[in-house]
Colleague: 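Before anything else, here's the structure in question.
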There are 2 protein chains.
Amino acid sequence: MAEKLYGIIDLKEEAKEPAMPETQKKTEKKTKKTAGKSLRVVKKTQKSNMRKISSDAELQVIPLGGLEEIGKNMTLFVCGEDAVIVDCGMSFPDDDLLGVDAVIPDFSYLAEVKDRLRGLVLTHGHEDHIGGIPYLLKQYNVPIYGTPLTMGLVGYKLKEHGLADKAEMHVVHTGDTVELGCFRIEFIRMNHSIPDAAALAINTPAGTLIHTGDFKIDYTPVFGETADLARLGEYGKQGVLALLCDSTNAEKSGSSLTESQVGKSFEALFSRAEGKRVIIATFSTNIYRIQQIIDFAEKHGRKIAISGRSMVNTVSIARDLGYLTYKEDTFVDINAMGRFRPEQLVIITTGSQGEPMSALTRIAAGEHRFVKVDKKDCIIISANPIVGNERAVINVINSLLSLGSDVIYESMYEIHASGHACQDEIKLVLSLTQPQYFMPVHGEIKHLIKNAGNARQKGITPDRIVIGKIGDVVTFRHGKVFREGTVPSGRVLVDGLGVGDVGKVVLRDRQVLANEGMLVVVCSIDSNTGSLIVGPDIVSRGFVYVKESEELIEEAKALVSGIIARQEGSRRRNVSNMKSEIREEVADMIYRKLQRNPMVIPVIMEI
Amino acid sequence: MAEKLYGIIDLKEEAKEPAMPETQKKTEKKTKKTAGKSLRVVKKTQKSNMRKISSDAELQVIPLGGLEEIGKNMTLFVCGEDAVIVDCGMSFPDDDLLGVDAVIPDFSYLAEVKDRLRGLVLTHGHEDHIGGIPYLLKQYNVPIYGTPLTMGLVGYKLKEHGLADKAEMHVVHTGDTVELGCFRIEFIRMNHSIPDAAALAINTPAGTLIHTGDFKIDYTPVFGETADLARLGEYGKQGVLALLCDSTNAEKSGSSLTESQVGKSFEALFSRAEGKRVIIATFSTNIYRIQQIIDFAEKHGRKIAISGRSMVNTVSIARDLGYLTYKEDTFVDINAMGRFRPEQLVIITTGSQGEPMSALTRIAAGEHRFVKVDKKDCIIISANPIVGNERAVINVINSLLSLGSDVIYESMYEIHASGHACQDEIKLVLSLTQPQYFMPVHGEIKHLIKNAGNARQKGITPDRIVIGKIGDVVTFRHGKVFREGTVPSGRVLVDGLGVGDVGKVVLRDRQVLANEGMLVVVCSIDSNTGSLIVGPDIVSRGFVYVKESEELIEEAKALVSGIIARQEGSRRRNVSNMKSEIREEVADMIYRKLQRNPMVIPVIMEI
C-alpha cells in the first residue's frame with residue numbers, strides 16, 4: 001500500500017545532468033539565476049496525497065551525529081524497505097584531539113541498511129551538514145539531493161576529493177518534493193546564514209516529520225524571502241507526528257537579529273572608515289553578508305578584493321550560480337590592489353574565527369603575501385567567535401591593534417547576525433507545526449535541554465519530548481514513540497589522508513608527548529653475555545633543552561648502564577625486563593629531579 | 001635632599017613577627033579580626049609632607065609584566081638609589097605553551113638594581129599579583145609588604161615552597177604608609193573580588209603616582225567599606241603625576257555589578273533548589289561570595305562542605321584571619337556529608353573555570369571521591385569563564401546536565417560580579433585623581449587601547465597617555481614623561497620544578513609531537529664497512545596505531561635498509577649524512593602516503 005501511495009519515481013534518467021553549470025564569462029551586472037537543471041520532482045505536494053498514520057508502518061529515526069554536540073549532523077530515517085539520510089556533516093576537532101584535522105560520523109551502521117539507502121537529502125551547504133559527504137560516498141555512492149547553492153558547494157568539495165564524476169547529484173528547489181522509496185520529502189524554504197536553506201517535511205507511511213535543518217526566521221532578508229511559514233502551518237493543520245528542531249540558539253531569549261541590521265551597522269562603519277582601507281572578515285558561506293559588503297563598497301566607490309582560499313572558492317561558486325549581484329568592475333585581483341589607494345578598497349577575508357592558517361591571522365602576523373596593515377586600515381570582524389575560538393580571535397585582534405589598525409569587533413555595532421533561531425522563533429515554528437512529538441537536534445546537551453524547555457512552554461508534555469543521543473533508535477509506531485536500542489555510532493577522526501587510523505592509543509601518546517616530551521634510550525648489548533657494546537645514547541625531544549641539561553642526561557645514562565650491568569650476570573635477564581627497569585628507573589629519577597613525566601622509550605639492540 | 005624628606009624607617013626590627021597568627025581553635029561565632037601584628041608605619045600621610053615635583057628627581061616606571069597580557073603583573077619603580085617592586089604575579093599558560101604549568105615574569109633586569117631593591121609591595125592576594133613571589137624570593141629576598149589577607153595567602157604559598165622562614169613579611173593595613181628609601185607608599189582601600197585590595201599612592205621625589213591595582217567601586221560591598229574615594233580625591237587635589245589604571249574591564253560600559261546583587265540571586269536560587277543539595281563553584285579567593293553562601297546556607301538550615309584544594313586552603317586562611325563569619329557548626333567535613341540529607345547541604349567547590357583536575361570537573365566526570373551528583377543536585381557556577389576557558393566550562397556543564405542535575409550558569413541570574421572596574425568606574429577614579437599622565441595597565445592590547453579611550457573621554461590628550469609594553473623604561477622627569485629604551489623582559493616558563501628550562505626549541509618539538517607524533521628509526525652498523533648489523537627497528541608513538549599499520553612500517557624499514565646499503569660502499573659515507581637521508585626519505589614517503597609529518601628521529605649505532 002505504501003508503495004502505491006508513494007510510488008517511486010525513477011530519478012536516474014536525470015542523473016547525468018551536471019549539478020553545476022559551466023562557469024560563464026560575465027560582463028554585465030549579474031542577476032540571480034538557478035543552478036543547473038533540476039530533476040523531475042513533484043512540484044507541489046498535493047494535499048490529497050497527505051495521509052493519516054498507517055496502522056502498521058514503523059519509522060525509525062537514528063541520529064548518527066549532531067546530538068550532544070554542535071557539528072557533524074547526520075540522521076538516518078528507516079521505514080520498511082527504504083532508508084534516507086539527512087545531512088552528512090563534519091565537525092572541527094576539540095583541543096584534546098591533537099593533530100586531528102576533522103571529525104566525521106561513524107558510518108558503520110549504514111552497512112545494515114545499505115541496500116535500502118534511497119538518497120542523501122541535504123538541508124543546506126554548511127560544513128557541519130555536508131563536510132562528511134566525500135567520506136560517505138567512498139563507501140556508499142548514494143544519490144544526493146539538495147538546493148542549488150548547497151549542491152554547488154557539494155560539487156566543489158567532491159571535485160577536490162576526485163569524486164565529482166562518480167556522484168549522482170540532483171538539484172531541487174524549495175517547494176519541490178522528492179520521492180525516495182516510501183519517503184516523500186518536501187523542501188521548505190527557511191532562513192539561515194547561507195542562502196537556499198531548507199526544512200524538510202518527511203512524509204512517511206508512519207506519519208510526517210518536520211526537520212527544521214538549521215534555521216532562523218528573517219522577516220527582512222537581504223535577498224530571497226522569509227521562511228515559508230504558511231507551508232509549515234499547512235503541515236501543522238494536516239498533522240505533524242514530530243518536529244526535529246535546531247537547538248543551537250535555544251538558550252537565547254527573543255529573536256535573532258535580522259541580517260539587514262548588519263547592513264545598517266556597515267553603513268555607519270564605512271563612514272567611520274573614510275580615508276582608510278576596509279577589511280572585513282566573515283564566514284565565506286554568508287552570501288548575504290558578502291552581498292551587503294558589495295552593495296556598500298559600490299555605493300562608496302570602492303573595489304573589492306577577496307582573500308583566503310575558502311572565501312575565493314565560495315564567492316566564485318556564488319557568482320557562478322548568480323547568487324551575488326555586482327557591477328562588472330567591482331572585483332579586483334588581490335595582487336592588483338596596488339593600483340588603488342587604501343580608501344578605494346575593501347578586502348573580504350576569511351579568518352573571523354582566528355583560524356591559525358587563515359588570511360586574517362596571516363595579516364595579523366604580518367605574513368600575508370599581499371596585505372600589510374597599518375593605521376590606514378579599518379578591520380571589521382563580522383562574526384561572533386564560536387565557543388573555543390575566543391582566545392584565538394582575541395589574539396588576532398590584539399595583533400592587528402598593535403599594528404595601528406582600527407579594529408571593530410564589539411557586539412555593540414551589530415556587525416554579526418546569527419543564523420540560528422532564538423526562543424521566540426522556535427516557539428513560532430512550534431505554533432505553526434503543532435507537532436505531536438518534539439525532538440531537539442543540533443545541539444550540545446545544554447542546548448537540547450533548553451530547547452525541550454521551549455517545547456514545554458508551548459504545552460508539549462515531557463512524555464512527548466525525545467532528547468536523544470547519537471546511535472539511539474527512535475521508533476514511531478502507531479503514532480507513538482519508542483526508544484528501541486542503539487546502533488554503533490560515534491566519531492571517526494580524519495588526520496591527513498588517514499580516516500579512522502588515529503584512535504585512543506595514538507591520542508593518549510600525543511597528549512603525553514605534547515605535555516612532557518620524550519626520551520629515547522638506545523643501546524646495543526651482546527646477545528650472549530648481556531654486556532653493553534655501544535651506548536647508552538639518549539635522544540630527547542620536547543623535554544629539556546639537551547645542551548643545557550647535560551648533567552641530567554649523563555645521570556640517566558649512568559643509571560641505564562647500571563641497570564644493564566646489574567642484569568649482565570643475572571639468570572632472569574631478558575630484554576623485556578631490562579626495558580621495564582629502564583623505563584621505570586629513568587622516569588623516577590626525572591620525576592624526583594624535575595617533577596616531570598616524559599615518555600621514556602628504551603630501545604635495546606641485541607648483537 | 002630626597003633622603004631627608006623620605007627618611008628611611010628601619011623596618012627590620014619587626015621582620016621576625018609572623019605575618020600570620022597561629023591558627024586558633026574557634027568554638028564561637030567568629031568576627032573579623034586583623035592578621036598578625038602590623039609593622040611600624042606612618043599611620044596617615046600628613047598633608048604637609050606631600051611635595052611638589054622636585055626639579056632634578058627622576059622616576060623610572062618599568063613594567064615587567066601585565067601589559068599586553070592579562071596576568072603576571074609586576075612593575076618596577078626606580079628613583080635615585082631606591083627601587084620598589086609592585087606585585088609579582090604569575091599567569092596561566094596559553095594553549096600553545098604545551099605542558100607548561102605556569103608563566104612568570106623575566107626577572108633578569110632586577111640584577112641591575114639588586115642593591116637598590118627596598119621592597120615588594122602587593123596590591124592584593126590574587127595569583128596574577130602574588131604567584132611569582134616564590135620564584136622572585138629564590139633570587140632576591142626582598143621584604144614584602146601587603147594587607148592581612150594578602151600576606152596570609154603569600155605566607156601559605158611561601159610555606160609550600162619552603163621559603164616561609166626566610167621571607168621578610170610585613171603586614172600593613174589600608175590607610176597605612178610605608179617608607180622604602182625615597183618611596184613613600186600609601187595603601188588606599190579599594191574594592192575587588194578579594195578583600196583587602198589596595199591601590200597604592202606612590203609618593204616619590206619626582207611626584208606622586210597612583211597605581212589602582214585591580215579594583216572596582218562597590219557601593220554596597222558584602223562586608224568592609226566602599227573604596228576610599230575621598231583619599232583618591234585628596235591626592236587629586238594635591239596633584240597626581242600619573243595614574244596607572246586597571247584595564248581589565250575597560251571595554252565594558254557602565255559599572256560593574258555590586259557583589260551584594262549576587263546575594264539576591266542566591267536567595268532566589270536557594271528557593272528553587274529546595275529539596276536538593278546545592279553545589280556552588282566559584283573562585284576560592286572570593287571571600288565575599290563565600291560569606292554570602294554561608295549566610296544563605298545558615299538561613300536555610302544547611303551545612304557547608306568544602307571541596308577542592310585551593311578552596312580548602314583559602315577558606316581556612318580566611319577563617320583563621322577572621323574574614324568569614326559563621327556559626328560554630330556550619331562547616332562539616334566533606335567525608336561526613338553522609339550524615340545529612342541532600343537538602344541539608346551546600347558544597348562550595350573549585351572548578352568554576354572547568355580546570356581539568358578541579359573538584360567540579362571531577363564531579364562532572366563521576367570521579368570525585370565524595371561527591372556524586374544526580375537529579376537531587378542543583379549546581380551553580382558562580383563565575384564567568386575567563387577567555388580561553390569557555391569550552392572547558394561548557395563541557396563540564398554538559399556533563400553535569402547529562403547526570404540529571406539542575407545547572408545554573410546563565411548570566412541572566414546575576415550569579416557572578418566581576419571584580420574589575422567598567423568604564424564609569426574608571427572615569428570616576430580619573431575624575432578624583434585628575435592625573436597629569438595616564439598609563440593603562442593590567443590588560444591585553446585591546447584593553448589598554450580601550451582604557452586610553454576612557455582617559456581621552458575625560459579630556460586627557462594623547463600626549464599624556466602612555467601605552468607601554470613590558471620592558472619599556474617610562475621615565476618621569478621635570479613633570480614630563482619619556483620613553484627611554486627598554487630592559488630585558490618577557491616570560492619564563494615553569495614546568496614541574498624546572499624554571500626557564502623549557503624554551504622555544506622544546507615547545508616547537510612538543511607542538512610537532514602533539515600534532516604528528518614521532519618515529520624513531522634505530523639500527524646498528526659496522527663502523528668499518530658501514531654494513532647493517534642489526535635493525536632497522538622502528539618505534540613510533542602518537543603517529544599511527546602500529547599494529548594496524550604494519551605495511552607502512554615495513555616499507556619504512558625497507559627504505560632505511562636501502563639507504564644504508566646504498567652508502568655502504570660510498571666514499572662520502574658518514575653517519576650524519578645517513579641520518580639526514582633517513583629523515584628526509586622516510587618523512588617524504590609518509591607524507592606521500594598519509595599527508596602527515598611525524599617527527600623522524602634516526603639513531604645509528606656504530607659498532
Colleague: Does any backbone or side-chain atom of A:Val603 lie under 4.5 Å from a heavy atom of chain B? Answer side chain, backbone, both or neither.
Modeller: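 Side chain only.
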
Colleague: At a heavy-atom separation under 4.5 Å, does B:Val534 approach chain A through its side chain, its backbone, both, or neither?
Modeller: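 B:Val534 touches chain A through backbone and side-chain heavy atoms alike.
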
Colleague: Side chain, backbone, both or neither: which part of B:Lys593 has a heavy atom under 4.5 Å from chain A?
Modeller: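 The answer is the backbone of B:Lys593.
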
Colleague: May I ask you to say whether A:Asp95 pairs ionically with A:Arg391, meaning some side-chain N is under 4.0 Å from a carboxylate O?
Modeller: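 Not counted as a salt bridge, because no side-chain N and carboxylate O are separated by less than 4.0 Å.
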
Colleague: Which bit of A:Asp96 is near chain B, if near means a heavy-atom gap under 4.5 Å: side chain, backbone, both or neither?
Modeller: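 Looking at A:Asp96, nothing touches chain B.
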
Colleague: Who among A:Ala514, A:Pro385, A:Gly496 has the most heavy-atom pairs with chain B under 4.5 Å?
Modeller: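 Among the listed options, the one with the most contacts to chain B is A:Ala514.
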
Colleague: Of the listed residues (B:Ile394, B:Ile533, B:Ile397), which shares the most heavy-atom pairs with chain A below a 4.5 Å separation?
Modeller: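 The residue among B:Ile394, B:Ile533, B:Ile397 with the greatest pair count is B:Ile394.
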
Colleague: What part of A:Ile607 lies closer than 4.5 angstrom to a heavy atom of chain B: side chain, backbone, both or neither?
Modeller: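 Both backbone and side chain.
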
Colleague: Determine whether a donor-acceptor pair (N or O, by modelled atom type, separation under 3.5 Å) exists between the side chain of A:Ser405 and the backbone of A:Cys378.
Modeller: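 No; judged by distance alone, with no hydrogens or angles, the pair does not exist.
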
Colleague: Below 4.5 Å from any heavy atom of chain B, which atoms of A:Val544 appear? Answer side chain, backbone, both or neither.
Modeller: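 Both parts, backbone and side chain.
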
Colleague: Considering only heavy atoms, which portion of B:Val520 lies under 4.5 Å from any heavy atom of chain A: side chain, backbone, both, or neither?
Modeller: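 Contact with chain A is through the side chain of B:Val520 alone.
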
Colleague: Among B:Ile601, B:Val505, B:Leu400, B:Val522, which residue forms the greatest number of heavy-atom pairs with chain A at distances under 4.5 Å?
Modeller: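 The answer is B:Val522.
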
Colleague: For B:Gln353 and B:Glu390, indicate whether the former's side chain and the latter's backbone hold a donor-acceptor pair under 3.5 Å.
Modeller: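 Answer holds: no.
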
Colleague: Between the main-chain N or O of B:Thr529 and the side-chain N or O of B:Asp526, is there a donor-acceptor pair closer than 3.5 Å?
Modeller: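 Yes, B:Asp526 side chain to B:Thr529 backbone: donor-acceptor pair under 3.5 Å.
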
Colleague: At a heavy-atom separation under 4.5 Å, does B:Glu444 approach chain A through its side chain, its backbone, both, or neither?
Modeller: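 Both backbone and side chain of B:Glu444 come within 4.5 Å of chain A.
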
Colleague: Tell me, out of A:Gln511, A:His447, A:Glu251, who's got the most heavy-atom pairs with chain B below 4.5 Å.
Modeller: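 Ranked by heavy-atom pairs under 4.5 Å with chain B, first place is A:Glu251.
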
Colleague: Would the distance check show the side chain of A:Thr361 and the main-chain N or O of A:Glu355 forming a donor-acceptor pair, the cut-off being under 3.5 Å?
Modeller: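 Here the side-chain-to-backbone pair exists.
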
Colleague: Using a cut-off of under 4.5 Å on heavy-atom pairs, state which of A:Asp94, A:Asp537, A:Ile449, A:Val387 scores highest against chain B.
Modeller: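 Looking at each of A:Asp94, A:Asp537, A:Ile449, A:Val387 in turn, A:Val387 comes out on top.
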
Colleague: Relative to chain B, which segment of A:Leu594 carries a heavy atom at a distance below 4.5 Å: side chain, backbone, both, or neither?
Modeller: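 Both backbone and side chain.
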
Colleague: So, A:Arg596 and B:Asp501, do they make that salt bridge, N to O below 4.0 Å?
Modeller: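 Counted as a salt bridge, because a side-chain N and a carboxylate O are separated by less than 4.0 Å.
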
Colleague: Taking atom types as modelled, find out whether A:Asn398 and A:Asn395 have a side-chain donor-acceptor pair closer than 3.5 angstrom.
Modeller: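 No, because no side-chain N or O of A:Asn398 sits under 3.5 Å from a partner of the opposite role on A:Asn395.
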
Colleague: Say whether, by atom type as modelled, one donor and one acceptor occur between the side chain of B:Arg510 and the main chain of A:Gly542 under 3.5 angstrom.
Modeller: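 Checked: pair present.
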
Colleague: I'd like to know if B:Arg491 pairs up with B:Glu69 as an ion pair, taking the criterion as any Lys NZ or Arg NE/NH1/NH2 lying under 4.0 Å from an Asp or Glu carboxylate oxygen.
Modeller: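 Between B:Glu69 and B:Arg491 there is no salt bridge, as every charged N stays at least 4.0 Å from the carboxylate O atoms.
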
Colleague: Under 4.5 Å from any heavy atom of chain B, what part of A:Val539 do you find: side chain, backbone, both or neither?
Modeller: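 When you check distances to chain B, only side chain atoms of A:Val539 fall under 4.5 Å.
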
Colleague: For A:Glu606, which atoms come within 4.5 Å of any heavy atom of chain B: side chain, backbone, both, or neither?
Modeller: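 The backbone, not the side chain.
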
Colleague: Mind ranking A:Gly503, A:Cys523, A:Ser540 by heavy-atom pairs under 4.5 Å with chain B and telling me who comes out on top?
Modeller: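 Of the options given, most contacts go to A:Cys523.
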
Colleague: I'd like to know if the side chain of A:Asn515 reaches the main chain of A:Val512, judged simply by a donor and an acceptor atom lying under 3.5 Å from each other, with no hydrogens or angles considered.
Modeller: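 Not a single qualifying donor-acceptor pair exists.
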
Colleague: Could you tell me whether B:Glu68 and B:Lys469 make a salt bridge, using a distance below 4.0 angstrom between a side-chain N and a carboxylate O?
Modeller: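 Between B:Lys469 and B:Glu68 there is a salt bridge, with a charged N closer than 4.0 Å to a carboxylate O.
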
Colleague: Measure distances from B:Tyr591 to the heavy atoms of chain A and classify the residue's part below 4.5 Å as side chain, backbone, both or neither.
Modeller: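 Interface part for B:Tyr591: neither.
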
Colleague: Could you check which of B:Asn597, B:Leu401, B:Asp495 has the highest count of heavy-atom pairs closer than 4.5 Å to chain A?
Modeller: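 Counting heavy-atom pairs under 4.5 Å, the top option is B:Asp495.
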
